[in-house]
Amino acid sequence: MSQERVEVIVVGAGPAGVAAALTLARAGVEVVVLERGAYPGAKNVMGGILYRQPTEELVPGFWREAPLERAIVEQRYLLLTDEDALGVTYRTPAFGQPPYNAFSVLRAEWDRWFAQQAENAGALLATGVTVEDVLWEDGRIVGVRAGEQGELYADVVILADGANSLLAQKAGLAREWRPEEQALVAKELLRLSETEIERRFGVPPGQGVAIEAFGASTGGLLGYGFLYTNRDTVSVGTGALLSDLITHEVNVSDLLDRFKRHPAIAPLLEGAELVEYSAHLIPEGGWRALPTLFTDGALVVGDAAGFVNPLSREGSNFAMISGKLAAETILEARAAGDFSAFALSRYWQKLEESFILSDLETIRNVTPFVHQRPYLLREYPEALARAFQHYLTVDGTPKAQKYRAIVRELMRDVRPTRLLRDVLAGVFQLAR
């Protein structure tokens, strides 16, 4: 590969990088994707939910042939104490039929299929290639250095090398992310038969359930546990801010084991066989930690740019659409013959016009708000659980007397003055 040249280099064959390569290749651009794994998806980890609409922008009707696991028809949110669970569930048959809403996927299978679409369009995929640095010439990025493979030059380099992007740092576009800006997630893939999954989760063949659990799922730390049904496996995991794990000296694998043993979760996993374990850093600095996204000859996309919405567990859609917008920016720059930072700044405009920057700005205060109030995920769930247990216990106590007792307990446990301060702070801090 020494001294060779292409029009565009994409570093990383995750959803963002492949989306960019696919869009460019379809437009006739000579693009090469460099992936350090043995195949796309070999080193990629995510919970496992893929959204239809953003994916269909890139591959219309993909759901007819892509390696999907189950259409997600039910979403459950759980608030856990050590033993109790309070929950909200939404389920609709509409999500189980075309055009669908979301699917569970396995990254090793999905990423390979998605990358194949880019190759079919004309992109060149090179696996087992570790990009060590970007190349500079006259103050602009002109290519990459990839160890024994040598140097590869291009008009534009797209940095899609994932969370904690070392290349974005070497390019001077990003600083090293701080522990409070990253979550560490541990995930297991557990084998269960298709029929057993359908029985336990109450779904017909081909349909599935997504569960997110807060509170005791992470020992009260800011984060959540998840469980997603695949065809004949379940993806289960939990994660929390890296800074909290360090401060409280908690091992994320221990959090996962504890989550799996919870009375609301354990029956769903009983007898399941471990297939795979993985751990991964997820960028959660959001709006406040965005790197510089463009420079002369380079753009940053996906996790490398910090495009993740942890509140609604969205990441793959941010990645793919950011890759698509980066590619569209390059096509405009190519037509003008100008790959300067000024020309590539159109990428930021496109991001502003999309949902990506809008969503990140909307949730920019959520993490600091909750992090400053750890009792929200500890004391409040316990108080609510006690109130519900008291209310649902039939013990001969007159209801009027029971209601008064519940109110007294809530006033004691929740502390009205603090609750009022939290509500007011939430209104002003989260809305501004």
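The figures here come from the full heavy-atom set of this structure, side chains too, leaving out hydrogens, waters and symmetry mates.
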- Would you sort out whether L222 and L377 count as a side-chain contact (heavy atoms from CB on, under 4.5 Å), showing the intermediate values? CA-CA 8 Å; L222 182 56; L377 297 175; 4.3 Å; yes

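- For the atom pair L173 CG and F294 CZ, the distance stands at 9.5 Å (nearest 0.5 Å).
- Contact check for V308 versus D303: side-chain heavy atoms found under the 4.5 Å cut-off.
- Nearest heavy-atom pair across P67 and E109 is CG-O, 3.6 Å.
- Between A240 and L255 the shortest heavy-atom distance is CB-CD1, 4.5 Å.
- Checked by atom type and distance alone, the side chain of Q207 never pairs as donor or acceptor with a backbone atom of V73 at under 3.5 Å.
- By the 30° and 60° cut-offs, the orientation of the rings of W113 relative to F62 is tilted.
- Summarising the geometry, atom CD belonging to E180 is positioned 9.0 Å from atom OG1 belonging to T247; distances are rounded to the nearest 0.5 Å.
- The neighbour count for E270 CD, taken as heavy atoms of other residues, nucleotides or ligands under 6.0 Å away, does not exceed 12.
- Judged purely by atom type and a 3.5 angstrom limit, S104 uses its side chain to pair as donor or acceptor with the backbone of T229.
- Each of T233, D232, I197 was compared with L192 under the side chain to side chain contact (heavy atoms under 4.5 Å, CB included) criterion, and only I197 meets it.
- Using a 4.5 Å cut-off on side-chain heavy atoms (C-beta onward), V18 and D111 make no contact.
- At least one side-chain heavy atom of R334 sits less than 4.5 Å from a side-chain heavy atom of F339.
- Annotation: the span from R313 atom CZ to I282 atom CD1 amounts to 12.5 Å, rounded to 0.5 Å.
- Minimum heavy-atom separation, A71 to G96: CB-CA, 4.4 Å.
- For Q389, the CD atom sits in a loose shell: 12 or fewer heavy atoms of surrounding residues, nucleotides or ligands are nearer than 6.0 Å.
- A donor-acceptor pair is defined here as one N or O able to donate and one able to accept, closer than 3.5 Å; such a pair exists between the side chain of S354 and the backbone of L351.
- Between the side chain of S165 and the backbone N or O of D161, no donor-acceptor pair lies under 3.5 Å.
- More than 12 non-hydrogen atoms from other residues, nucleotides or ligands lie less than 6.0 angstrom from CD of Q116.
- Separation of atoms CH2 (W110) and OG (S316) is listed at 9.0 Å; rounding is to 0.5 Å.
- Ionic pairing of R70 and E198 is present here: one or more N-O contacts between side-chain nitrogen and carboxylate oxygen are shorter than 4.0 angstrom.
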- Query: Can you list the steps and then say if E176 with N164 is a side-chain contact (heavy atoms from CB on, under 4.5 Å)?
  - Reply: CA-CA 7 Å; E176 185 176 356; N164 205 27; 4.2 Å; yes

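- Within the 4.5 Å cutoff, side-chain heavy atoms of P310 are placed close to those of I363.
- Looking only at distances, no side-chain donor or acceptor of K187 sits under 3.5 Å from a matching main-chain atom of G239.
- Ring geometry for W63 versus Y100: interplanar angle over 60°, hence perpendicular rather than tilted (30 to 60°).
- Formation of a donor-acceptor pair under 3.5 Å by the Q182 side chain with backbone atoms of P283 is not found in this model.
- Screening N230, I72, L68 for a side chain to side chain contact (heavy atoms under 4.5 Å, CB included) involving F103 leaves a single residue, L68.
- Nearest approach of A213 to F259, heavy atoms of both residues: CB-CE1, 3.7 Å.
- Between Y228 and F226, the ring planes are parallel. Angles under 30° get that label, and only those over 60° would be called perpendicular.
- Under a 4.0 Å N-O distance rule, the pair R378/E382 does not qualify as a salt bridge.
- Judged by distance alone, the side chain of R200 and the main-chain N or O of L268 form a donor-acceptor pair under 3.5 Å.
- Here OG1 of T367 is found 8.0 Å from CG of L311. Values are rounded to the nearest 0.5 Å.
- Looking at D155 and R140, no side-chain N of the basic residue comes within less than 4.0 Å of a carboxylate O on the acidic one, giving no salt bridge.
- Between A115 and L125, the shortest heavy-atom distance links the atoms CB-CD2, 4.3 Å.
- Side-chain contact check for W136 versus I141: some heavy-atom pair is nearer than 4.5 Å.
- The number of heavy atoms from other shown groups lying within 6.0 Å of CZ (F388) does not exceed 12.
- F114 is not listed as a side-chain neighbour of V105, based on a closest heavy-atom distance of 4.5 Å or more.
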- Kindly determine whether M320 and T23 satisfy side-chain contact (heavy atoms from CB on, under 4.5 Å), including the steps that lead there. CA-CA 10 Å; M320 286 188 285; T23 304; over 6 Å; no

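- At least one donor-acceptor pair closer than 3.5 Å links the side chain of E7 to the backbone N or O of E30.
- Salt bridge present: E196 and R199 bring a charged side-chain N and a carboxylate O closer than 4.0 Å.
- Here the side chains of W177 and L281 are not in contact, with every heavy-atom distance at 4.5 Å or above.
- Under 4.0 Å is where a charged nitrogen must lie from a carboxylate oxygen, and between E332 and K350 at least one such pair does.
- Formation of a donor-acceptor pair under 3.5 Å by the E188 side chain with backbone atoms of L190 is not found in this model.
- L106 has its side chain out of reach of R231: every pair of non-hydrogen atoms, C-beta onward, lies at least 4.5 Å apart.
- Heavy-atom minimum distance, L135 versus L152: CD1-O, 4.1 Å.
- No donor-acceptor distance shorter than 3.5 angstrom exists from the side chain of R364 to the backbone of L360, with no hydrogens or angles considered.
- Of the inter-residue distances, the one linking S322 atom OG with I158 atom CD1 reads 9.5 Å to the nearest 0.5 angstrom.
- Between the side chains of E57 and Q53, a donor-acceptor pair is found at a separation under 3.5 Å.
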- Query: Does the side-chain contact (heavy atoms from CB on, under 4.5 Å) test come out yes or no for F214 and Y77, once each step is laid out?
  - Reply: CA-CA 8 Å; F214 303 85; Y77 295 103; 4.2 Å; yes

